[in-house]
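Worksheet: the structure to be examined is printed underneath.
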There are 2 protein chains.
Amino acid sequence: MSDGATGLIETEAGAGPRHGERRRGIDRVIVLLEALLRHRAPMRVGDIARMIGAPRSTTYEIVNSLLEAEMLENVGTEGYVYFGRAMHLFGWAYSHHNAHYRRIIETLDRMAAETGETVQLCGLRGNKYIVLDCRDSSGPFRISSDVGVEVPIPWTASGRLLLAHMSEEEVKDFIPPGDYKLPDGRVIAPAEFFSDVALARQQGFSETAALADRFTWCMAAPIRDGHGAINKTLCFVLPVDTPEARRSELLALLCERARALSLAGS
Amino acid sequence: MSDGATGLIETEAGAGPRHGERRRGIDRVIVLLEALLRHRAPMRVGDIARMIGAPRSTTYEIVNSLLEAEMLENVGTEGYVYFGRAMHLFGWAYSHHNAHYRRIIETLDRMAAETGETVQLCGLRGNKYIVLDCRDSSGPFRISSDVGVEVPIPWTASGRLLLAHMSEEEVKDFIPPGDYKLPDGRVIAPAEFFSDVALARQQGFSETAALADRFTWCMAAPIRDGHGAINKTLCFVLPVDTPEARRSELLALLCERARALSLAGS
DNA sequence: ACACATTGTCTGAAATATCAGACAATAACG
DNA sequence: CGTTATTGTCTGATATTTCAGACAATGTGT
């Protein structure tokens, strides 16, 4: 896919393709890791340098440091690098540091085992939707999606729930205009999206059929934090042709489990 | 490898804590993350600074950068930080980037589901043993251990397998002398350990009873890479009083699954 | 109330990490 | 076989980042 390798990943305004931009090593590391995450495949040092807009010599220096720390590792025979073991360990520590997240993961496991369907834990990252964790369907035709990849919020059922605390005006300011355009070219009318959000807030769950792609039915239920806000959602990704009876059964299960995971003060 | 870069810096005659050691931001980051992993709990910035031997001002600078990148995140009300969401995403990417690791994880899941016992994936990190991933027993008395924590190799069943490619001489050089001492004070005779390693190599599995602690029976089987070398092991952690019949059944399962995961070129 | 420890934020100054560019050694391509 | 694009490693110079220390604002204990 044309990943639009603009070369410059500028979080801040200004700063065009200035030649003499000297940057801090730490920032290079951060940008590098995020670029690698987006790319989702091992890369060569030269490509990394181009992608993050850093000089080759610097990139080699940094990559070697990270390799030594096992935050990156060599993969394949020729110069490719990707995330290393240390990242796995750090990530594991993150997922298990608090009891709540552990409970969520156990629920994810149990639901996947019980239903055999694809289950996901979703949340926001900035103004995008991401899958935080998932258990893929065990069936022969598995619908899977990558953890950590940023997706426009309007494409997803979870997204509608995750915006439930916002007013229509806030939502309008929050979603980049281009994000209403679906991958197949259709465009969601913002007004329709706002009412979807309102509906999701009211019913306490959200469903989408064949939205971001032709073959999936998604259903999401909110996991609320201590203040009742929705930080994360639990969701099923089903084949669109799943019978209605089965769907409503799964929806009930989803809502029940999500509620059980919510911390809402009694 | 052991370039003596980190850890205790006493290269010169100067005994005191060298005051003017200026270090690179990247290296600070690496040391910081590793310290956090070892500590296994959120820390305050001041404590981090002390633990990694960095000035407070520098530590604040670095921590803030990492917070912004979500590699760390604030936890609790007052100044505690721990690993952040981005780490989870990077780690997930690591675990899923290659088909082999994915298969291993699926096996882990399946074995845990089938047996209800604690299953672990283990490996080496430097000259220590670590748990790379695990599925905890679902029973009321779960025996669990933390992923990523370094443990002396002689304490473990897996460790005996993971050294199988070494000669006795190499093993002797590899294991730090203090690592033969068990947590309860007993000391494993090196000669005994060497013969354990040889036995493990010969039978293709390894077992320990009440070694690192009084109440566990561990059994490990090797996962071999394309060259037949043992990089990782699969293992069960059982209560010591597990009946012999059950144990041998589980051992058979363990060996079978580990063999299925091995890449040994036919 | 006091003394004492800690946090988070700022400074200026000095040590150095980042950078551009050159280099040989392969690889890719027509 | 030349031509062109890579890769990985070095170098010296300077723009930057790390660092020590000071600061006010909170805690903590007696």
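Reminder, nothing fancy here: chain letters follow the sequence lines and each chain counts from 1. Reckoned from all heavy atoms, side chains included, excluding hydrogens, waters and symmetry mates.
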In whole angstrom, give the distance that lies between atom CG of B/Asn74 and atom P of C/dT7. 14 Å
Tell me which nucleotide among D/dT9, C/dC19, D/dC19 gets nearest to the side chain of B/Arg23. D/dC19
Side chain of A/Arg22 only, please: which of C/dA15, C/dT18, C/dG8 is the nearest? C/dT18
Pick the nucleotide of DNA chain D nearest each of A/Gly25 and A/Val45; which residue has the one closer to the 5' end? A/Val45
Against the side chain of B/Tyr60, the closest entry in C/dT7, D/dA20, D/dT18 is C/dT7
Whole Å only: how far is the CD1 atom of B/Ile48 from the P atom of C/dT6? 15 Å
Using the closest heavy atom to pick a nucleotide of DNA chain D for each, name whichever of B/Ala54 or A/Asn64 lands nearer the 5' end. A/Asn64
So which heavy atom on B/Ile230 is nearest to which on B/Pro222, and how close? CD1-CB, 3.6 Å
Show the nearest heavy-atom pair for residues B/Val171 and B/Leu163, with the distance to one decimal. CG1-CD1, 4.0 Å
Rounded interatomic separation in angstrom, taking CG from B/Asp27 and C1' from D/dC19: 16 Å
Whole-Å distance between C/dC19 C1' and A/Glu61 CD? 11 Å
A/Thr58 vs C/dC19: side-chain N/O to OP1/OP2 distance below 4.0 Å: yes
Does a salt bridge link B/Glu34 with B/Arg125, judged by any charged N lying under 4.0 Å from a carboxylate O? yes
Quick check: on DNA chain C, is the nucleotide nearest B/Ile26 upstream (toward 5') of the one nearest B/Arg44, or the reverse? Name the residue that is more 5'. B/Arg44
In whole angstrom, what separates A/Met43's CE from D/dT6's C1'? 15 Å
Please work out whether the ring planes of B/His88 and A/Tyr94 are parallel, tilted or perpendicular, with thresholds of 30° and 60°. tilted
May I ask you to verify if any side-chain N or O of B/Arg24 is less than 4.0 angstrom from the OP1 or OP2 atom of C/dT18? yes
Without decimals, in angstroms, what is the distance between B/Tyr80 OH and D/dG27 P? 14 Å
When the distance from CD1 of A/Ile62 to P of D/dG8 is rounded to whole Å, what number comes out? 16 Å
Of the options C/dC19, C/dA15, C/dC10, whose atoms approach the side-chain atoms of A/Arg28 most closely? C/dC19
Is it true that the side chains of B/Arg24 and A/Ser65 contain a donor and an acceptor less than 3.5 Å apart? yes
Select one nucleotide: of C/dT9, D/dG8, C/dA20, the one nearest the side-chain heavy atoms of A/Pro55. C/dA20
